[in-house]
Amino acid sequence: MNSLKIKILTLTITIMGIAVVLTAWHNLQTQSAMLERMALKNSQLLSQTILNSIAGEMSVGRNENVQATLEKIKREPSIDTLNIFDESGRILASANPEETGDLVPSIDLIAYRSGLKFFSSTMNGEDCFAAIVPIPNEPTCHRCHDPEQEVLGILNLRLNFTEVEALQGSGRQATMVSSALMLGILIIALTGFLMFYVDRPLHQLVTAMIRVEKGEFVLAQTDINSSDEMASLANKFNRMVERLRNLIDTTIEHERQLAVTQEKLAHTTEIGTMNLALEERLKEIEHLNISLEERIEEIEEANYKIADLASDLENKNTGLEQAVERLSALYKMGLALNSTMDLDKLFDLLIRKTMEALKARIGYILLLEPDGQSLRIGATAGLSDILDADLRIPLKPGGVSHWVVAHRQPLLLQDMHSNRDFVRISPLGYTRETVVCAPLTIKDEIIGTISIANHQDLGSFSNGDLSLLTTIAAQASIAIKNARLYEEQQASYLNTVQALISAVEASDAYTHGHSERVTRYSLALARTLGFDAPALKRLEQAAILHDVGKIGIDAALLHKQGPLSEEEIQTMRRHPAIGVHILEPIHFLREVRQIIAQHHERFDGRGYPNGISGDELLLESRIMAVADTYDAMTSDRPYRKALPHTTAVTEIVDNSGTQFDPAVVSAFLATWEQNPALGQPS
């Protein structure tokens, strides 16, 4: 079938059908998504309301009302499950009292441990919404719960899809009916439109054209008023027919006259006519060339403008990239500075990250001495490795740091050749080419400066680099302040506990100085075994505090001169556990507590308090076991005199592999061989 109206009708119906189907599908998907979001939002609001209600009851101490609250809320038909479980999955309270003490389904426990709070799931073959919300241990709960416990319980809420599915089904049915009705109306309207406004006028025009073919020009006139377009087309057609009839008549007359005058035309006239036509064509071509040149000039001018706009856009993109790069550098700097509380590591990390951000070859931090007259080195990068760490740099005119400290503001020197007020040769032994320096301040007090020198690409630093360094210096000052406060807090804790230990040792002449000697022996052994600085610090703290648990042992038992009974021995063996308990509130001594807990364990597993053996023991605790035993044997005790050094060494060697780690014993012998005066009082 090759009918145009059939093709138009088929194509239009097909397009409308596809559009209606897609619209209906989109509406169904939108309805489904909206209903799911509404249900999810409802579960979030409901879970938060329940959580607030439970928190309110618990904050005023009415924990017994939690069960009643859950049962009251469970009366809502859309709620399938409502309970509170702990982090192990055990149900603490439930709207169904019979579930209390049971385990929640594994999917709920996995969702909580995965950090999911609100999600859809399937339970017993039915879809539902689930809310897994932790109940935090707020300060108001600390009077009834352990402050160390971060989560009191986890609220578990499940809402069924019954109402949502009912709404979704109604919406789906309404959408399908309305879509089908719309499609039918569109088909009927389109068919009527095509028949009345297209098919009938076209049929009239075809009939008129047939009459024109037969030469019936008068009968070929047609009158169509179904639309303005068709009326205009019919009018044009009528004019065309009339003009065609006139042209035919005129042509017949011209042919008659042409036959008469054709013989009178001469060859010269024909050539003249052709020349005139050629001249006219040449003039037209010349005019076109002039127009073309004008257009080319306009295009060239437009190209220049486009080039200028492209240059401006490129400059703006470059500025934007630099801004993004600086913001990224500041973000990474903030993360790095907050990653450590050790001042040495902080300074080293700060200077390396700053050099990377500013693309510099040299960087260093100088700290202001208490006298305010000189600076000492905090950290350097890009300078000689043999630089004296104890170097003191006097504050005097001509120095960049002197100017920054004196004026309390950052300084940018783009070209040292043009700044004769400053010395080009730095006291740190390098030649300054371009420098940017900013003060480090704590509570409006300048503690030092951070300097970046000599750009990697041999260019100069910019005002943007100065702004970036100033921001970094502000971040660094806060990090330095926090690190110093953290070190002061650690020192305060350690000094307090060490004072308690000194008080215990001072009460007994036999144990006086024991902790200091064990510390000295342990550090010597650790250095022989190649410990790094952080490990040496942990071991030093553990050695100083290893007998802190004896504070909890009766003084009479500690000073008893005769042999101890089995019960008294067991009491004495409790002092490592007591020491761990005493140090438990001090968070930064977490690793130190583990060393103290194991310092009386044996390599063969027959020690106390936990019977740990071999490589399961921390190397620090194995070192301290040897040092503690050696000092105990070479010191006076109420029940015996101190043993000679050789006797103590022989005893330690004899117990290598049983009581002591053979590797540590070998290090012990090597340490004493290298430093025979180690056992002398310091």
How close do [X] and [Y] get, heavy atom to heavy atom, and via which atoms?
X: Gly459; Y: Thr434; result: O-CG2, 3.5 Å
X: Val404; Y: Ile446; result: O-CD1, 4.3 Å
X: Asp604; Y: Ser613; result: C-CB, 3.8 Å
X: Ala360; Y: Phe461; result: CB-CZ, 3.8 Å
X: Ile623; Y: Ala526; result: CD1-CA, 4.2 Å
X: Pro410; Y: Thr470; result: CG-OG1, 3.5 Å

Say you draw a straight line from [atom1] of [X] to [atom2] of [Y]; how long is it, rounded to the nearest 0.5 Å?
X: Phe603; Y: Ile612; atom1: CZ; atom2: CD1; result: 13.0 Å
X: Thr431; Y: Asn454; atom1: OG1; atom2: CG; result: 8.0 Å
X: Leu523; Y: Arg527; atom1: CG; atom2: CZ; result: 5.0 Å
X: Thr634; Y: Glu651; atom1: OG1; atom2: CD; result: 12.5 Å
X: Tyr630; Y: His645; atom1: OH; atom2: NE2; result: 4.5 Å
X: Leu440; Y: Ile450; atom1: CG; atom2: CD1; result: 6.0 Å

(request) Begin from the C-alpha positions of Gln570 and Glu566 and carry the test side chain to side chain donor-acceptor pair (under 3.5 Å) through to its verdict. (result) CA-CA 6 Å; Gln570 294 304 320; Glu566 182 62 29; 2.9 Å; yes
Output yes when a side-chain donor or acceptor of [X] lies under 3.5 Å from a complementary backbone atom of [Y], and no otherwise.
X: Asn655; Y: Thr658; result: no
X: Asp628; Y: Ala625; result: no
X: Ser467; Y: Asn463; result: no
X: Glu620; Y: Leu539; result: no
X: Glu369; Y: Leu375; result: no

(message) Quick check: do Val400 and Phe422 have side-chain heavy atoms less than 4.5 Å from each other?
(response)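 They are in side-chain contact.
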(message) Under the side-chain hydrogen bond (donor to acceptor under 3.5 Å, both in side chains) test against His546, which residue among His599, His575, His600, His514 passes?
(response)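 Among the candidates, only His514 passes.
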(request) Please work out which of the three classes, parallel, tilted or perpendicular, describes the rings of Trp403 and His407, given edges at 30° and 60°. (result)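 Aromatic pair His407/Trp403 classed parallel.
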(message) Does Phe531 form a side-chain contact (heavy atoms from CB on, under 4.5 Å) with Leu619? I'd like the steps, not just the answer.
(response) CA-CA 10 Å; Phe531 275 34; Leu619 181 56; 3.6 Å; yes
(request) Step by step, work out the side-chain contact (heavy atoms from CB on, under 4.5 Å) result for Gln541 and Ile544. (result) CA-CA 5 Å; Gln541 292 172 343; Ile544 292 173; 5.9 Å; no
(message) Whether Glu584 and Arg593 form a salt bridge (side-chain N of Lys/Arg under 4.0 Å from carboxylate O of Asp/Glu) is what I want to check.
(response)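 Salt bridge absent between Arg593 and Glu584.
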(request) Quick one: do Phe660 and Thr629 satisfy side-chain contact (heavy atoms from CB on, under 4.5 Å)? Show the steps, please. (result) CA-CA 10 Å; Phe660 307 115; Thr629 301; 3.6 Å; yes
(message) One pair to check against side-chain contact (heavy atoms from CB on, under 4.5 Å): Gln373 and Leu395. What are the steps and the verdict?
(response) CA-CA 6 Å; Gln373 301 300 317; Leu395 279 174; 5.7 Å; no
